[in-house]
Every structure is written in C-alpha cells, then in structure tokens.
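So you know, we letter chains A, B, ... as the sequences are listed, proteins then strands, and number each from 1.
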Amino acid sequence: MPSYNKRTHYAGTLREEGISQQVTLNGWVNGRRDLGGLIFIDVRDYTGIAQVVFSPQVAPELMDLASELRDEFVVSVTGEVRRRERPNDEMPTGQIEIYASDLRILNRSEVPPFEIGDRSKSSEELRLKYRYLELRNPELQELLRLRNQVYQVVHNYYNENGFLEVETPLLIRSTPEGARDYIVPSRVHPGQFYALPQSPQIYKQILMIAGYDRYVQIAKCMRDEDLRADRQPEFTQIDLEMSFVEQEDVLQMTEGLVARLWKEVKGVDIKLPLPRMPYREAMGRFGSDKPDTRFGLELQDVGDLFGETEFGVFSGTLGSGGLISGLNFKGGAGYSRKLIDELTEHVKRYGAKGLVWLKVTAEGLEGGSAKFLNDNEVNGLLQRFEAEEGDMLLIVADEPYTCQKSLGALRLEIARREDLIPESDDMLFVVDFPMFEEIDAETGKPVPAHHPFTSYRAEDETMLDSEPMKVRANAYDLVINGYECAGGSIRIHDQGIQGRIFDLIGLTKEEAREKFGFLLDALQYGAPPHGGIAFGLDRLVMILGGTDNIRDVIAFPKTTRASSLMDNAPSHVDARQLTELGIGILERVKE
RNA sequence: GGGGUGGUAGUUCAGUUGGUUAGAACGCCGGCCUGUCACGCCGGAGGUCGCGAGUUCAAGUCUCGUCCAUCCCGCCA
C-alpha cells in the first residue's frame, strides 16, 4: 500500500463528463485563494491544472491542513468532481472543480525564486540557474512535447523508408578541419586525446561503404565555437545517408519528412516539391544563402545603370569588379536621418563601407548622394525599382559578396522593424552551392566551402583547374523561414577524383592520409555512390514551436559562454585527475 | 577576439544635477474574510545598489578595471 492515494486522473483532462466521479489528483499547488472559510487551490500536473475546493461542509477536518498549502507543495487530493457554481471559461477544466475529502501533503517547497507560470517575468539567468523550476512551466513543457513528437515522426518516417538506425561513437579521432573540437583526454594513452564529434560525417560514409544502404541517427554533435540565439555548443542532428542516389533522391526524401512533420505536428499541408533555388539566385535576390522568402524587399543589381557615372563611389566600385545593388524600401521616405543612420550602422556591421539612400519625391531623388546622379541614372533607378513617391532606395556598392550579404541583412532588418514578416512558414532548397569559398591569398589554392568529400557538378569538371570558383558542388541546404535547417551533399566515391580534389586544395598525399586515412582506405574497397543530409533538429523544433530561442527547445541548455548555470559546468577538476591524465594547466598570461 | 544592451529588496523595475533615512508593484510573513480564479482588506519584515579600485567633504549616480546574462559581427569544413 502506498502511503498516499495514487492518481486516478490527470488534472488537465477533467471535463464535465467526470461530474460526480470520485477522483484523486497528484501534483503541485499552482496558486491558492484562501477566503478564510473556504479555500481554493489549483493543482497542476503534467497535463494542466484543475481547481480544488476545501469546504467546511464537506471536510471540516481538512481546513487547517489546507491553509498550510503554498505554491509548489506536492499534494495528493481526493474528492468528488462537481459542476462549478461559477464556471471559468478561460480554462479547459473551468466547468468543474473537485470537492476535497482527503488531502495529503507529500512534500513542502521553498518559496520559488520566480513565478513559474510566467517566464517573461524573470531573467533568463535566473531561470537557467533554476532550470528544474522553469521546466515546470507549461510553455516549456509544450515545446519539449513537440520535440518528442518530432522524434517519433523521424523514427517512423525513416523506418518506413528502409533506413537503419545506427549509433556512431562519441569518442572519436580529432580532425583539424572545420569547427573547433571538444577534446577528451585518454587516461590509457597519456598525452593523447579523443574528440567529440562535430557530426557523424565520416562514420555514415563508412556505413555506406559497408553496404548498409540507408542510415539515419538522431545524433548529438558538439562544436566548440561561439554561440548565438540559434546555436548551442551541443546540439542534435537528424543525420542520414543514402547509397546509389543522386541529389534529387536526397531532396525528395528530405522534403517528404518536412511535409510529414508539418502535417502531423501542425496539421498543415506543405505543397511538394519545394522550390529549388540556385545559390547564385538566392544571393542575388535575397542577399543570403538562407533566404527568408516570406516577404519582398528583393535586391536589384543596378550596376549596368552606372557605366559612365560621375559618382566616384559607384565608378570606383565598378572599376574594381564590385557590385552595385540595392532594394526599394516601399514607403520608407518618412525615415528620419537618425533611423537611416541606424540602417547604415547595420550594413557596416556586415562589412559594407556605407549605405547610399535616396528618397523618392515628386521631383525625383533626394538624399546626400542624389546630386552626383544625372537624369538618366535617376530615371533608370526609378524604373528598375518601380519606385513611387514616398519610397526610399537603399544602395550598397562594394565587393560583390559584401554587397549582397550586407543588403541581405538590411532587408531582414527593415522587415523586422516594419513588421513585414508573415506568421506562415516558407521553405525551399538552396542548391548549386559553389564548390570553393575563396582562393587562399597565401597558397593560391581554393578553399573548399564544405568538407573535401563533396562532389561537384559533372558538367563543371572542365573548370576545376581554370576557374575553380565557378565550379558548383552537389551540395544543398534546406531553408525554412530564413533558418538553415538542413544541409548535405553528394559525396565523392571515386578515389581518383578524391585525389584530384586533395591535389587542387593543396593537400599532399601525406597530409590527406594523416587527416582522413581510414576513410581513404575505405574508399579503395568499393565505395558506392552516396550522399546524405543532416537536419538541425533543434532549429526544426524552434520553427515548429514558434520560438526564436534555441534554449527554449533544449531541456538543459548552456549560456552564450557555454556554461550550464544549473550545475556549474564546466568546472575545475581534482589535481589527481589531471595527474592521472598527464595534464598540467598553464597559467594564462594576460597581455 | 570586437560591438550593443542589461545587472538596485525574493522577483520585475524606478531612482532627477553626485547630497537627508534608496522607493513602487508583485511575492513573502501575520491578522480578517464562505465562491475565489491576478481573490479582497489591514499590518509587517525584507537591500553587499554584480565585484574591485579611483575621484570627491559626499558615489546607486562620475572614472577605470573586472565578472555574469543577453543580442549581433568574426567564428560555426
């Protein structure tokens, strides 16, 4: 026999059908209203809250104990469900209440350091320190339930499609490529270290070589890089890989999951296939490789209008191979000098040297730079932007990437300020990413934009040596509402081609062997054509849950300094532990 | 590594030109209260002004340093 009455019903599920039933609730006190002769408390459990009444008519002997109840006490309450004299239409259980005939206080609670029902009323610092209290909050519980739903859909979907779940190791070899590794010392091999995986990339390729055909895993990944609102040092990927596939096969499998998620989680039908937008177009129209296509403000290249311009900023940019591009901020002419300065600051953060602003008036264009433009140029701009009186044209002239990137950021900033972003979800694939990011200034070798196992478009092969920056990779991203939600590629499975890429990027045979030896070995034993993709699961849950903070969808997140305020990780360790590992701590010298 | 914002009661915040005893709301504690649901009414307790220096007759307020949280740039193959 337990020492208390065990739950017969969940609080949040009680409805009028239960009236006159005898029920027992187990849960927490979520507020009390002690009227003296009559005491109301709300009992909260995993499903919601229900009102309990203590009345001298029903159980006079309980009144003293009931008056001791405080927020977050753990109770077992038994009583009869009755219709309320005064219903509360605001709450799901508002038509009924429980007349208590038995009360057991199972545990008392300190006064909570913040209000559990309303997260907005306390600082994130405090809430993270007392995460176990914040996790009692219904909004946060809802997000974790949503996350669980995503797990279930993922397991089902890939299982139905013939994928095999395989766990890959957490203690792996460190590779110097990519993000900074978290490293783990080996006791058995003093002075040597494991790394925690940034992703299971190489293992999943090896599984393909081993003939497993289709692999999937919900995998933890760790990257020791600085954080953002949508980035945590450890995060979760839905990681998958497929054999004997081309890009289109992976994209179709991927959009299938997205449609299934939106259907099962939100009840929304997603129209397939999703748009496939080339990288070049995404950058040109939206100034981003993860465009938010839910609103306009698209970029326009206007360089061709200024071939003969007197305006030094523009002619200089064109002379050095730069780009002049801009957007029409519809109705933006009302912006004050101060607001324009803020927008200018914004583009400067992304490396732009400045922002040319031109207000559209009845007479033409007005603004600091307008006097440098001749009539032809003014008319050309008005036409290109379909500008009307009251609009403001915002133009950046700079090195192409900087120009597009800063305008892309400006576009988002204006959309946020002007509340132009609809609530709906919008998704697309960005494809045809460039194979290389830049030509290294020192070595003169191209720097791969992805990992060096990414294959290139067959028709671009001839440009590998002559114009490497024009070579397109078989790499793709899934973008939802301006978030990069998944990314992947078709891999190189041919040792000869792999060798050629290593050559091209300036990796000697020895270096390649040192870094990726076991994968290169494996490639020699009959690697099938293969490719895959990995979703950022946390970001998917963020979008599905309508939050812009990744910490809201992770049960125990870290701060932007990568510490856990609840358990105070990271921490110093015992000197003996270090000795055993052969590790000494260097004094940090401040300059 | 760089920039922005914030740190004052348990919590959220206010605090003027540097000047008497640092305030409010909520929460908490005590009393009253039989239909509350942000219960109400009366009373009360509660402060290392993040931390450390400095300027000053005098610092929550000014200066410098530092720590923490958060947003952004760099970074994240």
> Taking it one step at a time, do A/Ser571 and A/Asn568 satisfy side chain to side chain donor-acceptor pair (under 3.5 Å)?
Replying inline: CA-CA 7 Å; A/Ser571 66; A/Asn568 279 317; over 6 Å; no
> Within this structure, what is the CE-to-C1' distance between A/Met91 and B/rU36, rounded to whole angstrom?
Replying inline: 12 Å
> Expressed in angstrom and rounded to an integer, what is the separation of A/Glu97 atom CD from B/rU34 atom P?
Replying inline: 17 Å
>> Assuming nearest nucleotide by heavy-atom distance, tell me which of A/Leu38 and A/Arg32 is located more 5' along RNA chain B.
In response: A/Arg32
> Start at the 5' end of RNA chain B and walk down; is the nucleotide closest to A/Phe114 or to A/Pro87 reached first?
Replying inline: A/Phe114
> For the pair made of CD in A/Glu85 and C1' in B/rU36, what is the distance, rounded to whole Å?
Replying inline: 11 Å
> Within this structure, what is the CG-to-C1' distance between A/Asn88 and B/rC39, rounded to whole angstrom?
Replying inline: 13 Å
> Paired with B/rA59: which nucleotide, if any, by Watson-Crick or G-U wobble criteria at under 3.5 Å for both distances?
Replying inline: none
> Quantified in whole Å, what is the P atom distance between nucleotide B/rG27 and nucleotide B/rU12?
Replying inline: 15 Å
> If the C1' atom of B/rC68 is compared with that of B/rG52, how far apart are they to the nearest Å?
Replying inline: 15 Å
> Roughly how far apart, to the nearest Å, are B/rA69 and B/rC26 at atom C1'?
Replying inline: 23 Å
>> Check whether A/Ser455 reaches the backbone of A/Ile490 with its side chain - one donor and one acceptor, N or O, closer than 3.5 Å.
In response: yes
>> Is it the case that the side chains of A/Ser489 and A/Arg491 hold a donor-acceptor pair, with the cut-off being a distance below 3.5 Å and no angle test?
In response: yes
> If we call it a pair only when both distances are under 3.5 Å in a Watson-Crick or G-U wobble match, what pairs with B/rG44?
Replying inline: B/rC28
>> Strictly under 4.0 angstrom, non-hydrogen atoms only: write out the protein contact profile of nucleotides 41-46 of chain B, one letter per nucleotide from the 5' end, B, S or -.
In response: ------
>> Whole angstroms only, please: what is the CG-C1' distance between A/Asp34 and B/rG31?
In response: 12 Å
> Rounded to whole angstroms, how far apart are CG on A/Leu126 and C1' on B/rC13?
Replying inline: 15 Å
> Within the structure shown, what part of the strands sits under 4.0 Å from A/Pro112 by heavy-atom distance: base, sugar-phosphate, or nothing?
Replying inline: nothing
> Can you tell me how far C1' in B/rU16 sits from the matching atom in B/rA59, rounded to whole Å?
Replying inline: 15 Å
> So does A/Arg131 pair up with A/Glu134, basic N to acidic O under 4.0 Å?
Replying inline: yes
> Paired with B/rG6: which nucleotide, if any, by Watson-Crick or G-U wobble criteria at under 3.5 Å for both distances?
Replying inline: B/rC68
>> When the P atoms of B/rC33 and B/rG19 are compared, how many Å lie between them, rounded to an integer?
In response: 48 Å
>> I'd like the C1' distance from B/rG30 over to B/rU66, given in whole Å.
In response: 43 Å
> Starting at CG of A/Asp118 and ending at P of B/rG27, how long is that distance when rounded to a whole Å?
Replying inline: 13 Å
> Aromatic rings A/Phe502 and A/Phe516: how do their planes relate, parallel, tilted or perpendicular, breaks at 30° and 60°?
Replying inline: parallel
> Are OP1 or OP2 of B/rC39 and a side-chain N or O of A/Arg33 less than 4.0 angstrom apart?
Replying inline: yes
>> Under the rule for salt bridge (charged side-chain N to carboxylate O under 4.0 Å, His left out), what residues qualify as partners of A/Asp34, not counting sequence neighbours?
In response: none
> Could you write nucleotides 69-77 of chain B as a row of B, S and -, 5' to 3', where a protein heavy atom under 4.0 Å of any base atom gives B, of only sugar-phosphate atoms gives S, and otherwise -?
Replying inline: SBSSBBBBB
> Do the ring planes of A/Tyr335 and A/Phe329 sit parallel (below 30°), tilted (30 to 60°) or perpendicular (above 60°)?
Replying inline: perpendicular
> What is the distance, rounded to the nearest whole Å, between atom CZ of A/Arg119 and atom C1' of B/rU11?
Replying inline: 16 Å
> Among A/Arg44, A/Arg108, A/Arg32, which residue meets the salt bridge (charged side-chain N to carboxylate O under 4.0 Å, His left out) test with A/Glu72?
Replying inline: A/Arg44
>> Between A/Glu16 and A/Arg84 (salt bridge meaning N to carboxylate O under 4.0 Å), is one present in this structure?
In response: no
>> Under the criterion of centre distance below 5.5 Å and interplanar angle below 30°, is A/Phe40 classified as stacked on the base of B/rU36?
In response: yes
> Just to confirm, is there a sub-4.0 Å distance from OP1 or OP2 of B/rC37 to any side-chain nitrogen or oxygen of A/Arg86?
Replying inline: no
> Under 3.5 Å, is there an N or O donor on one side and an acceptor on the other linking the side chain of A/Gln57 and the base of B/rU34?
Replying inline: yes
> Looking only at atom P, what distance separates B/rA9 and B/rG43, rounded to whole Å?
Replying inline: 25 Å
>> Over 60° means perpendicular and under 30° means parallel, so tell me whether A/Tyr130 and A/Tyr132 are parallel, tilted or perpendicular.
In response: perpendicular
> With rounding to whole Å, what would you report as the distance between B/rC64 and B/rU56 at their C1' atoms?
Replying inline: 16 Å
> Passes salt bridge (Lys or Arg N to Asp or Glu O under 4.0 Å), A/Arg561 versus A/Glu125? Steps please.
Replying inline: CA-CA 12 Å; A/Arg561 295 246 312 147; A/Glu125 190 170 0; over 6 Å; no
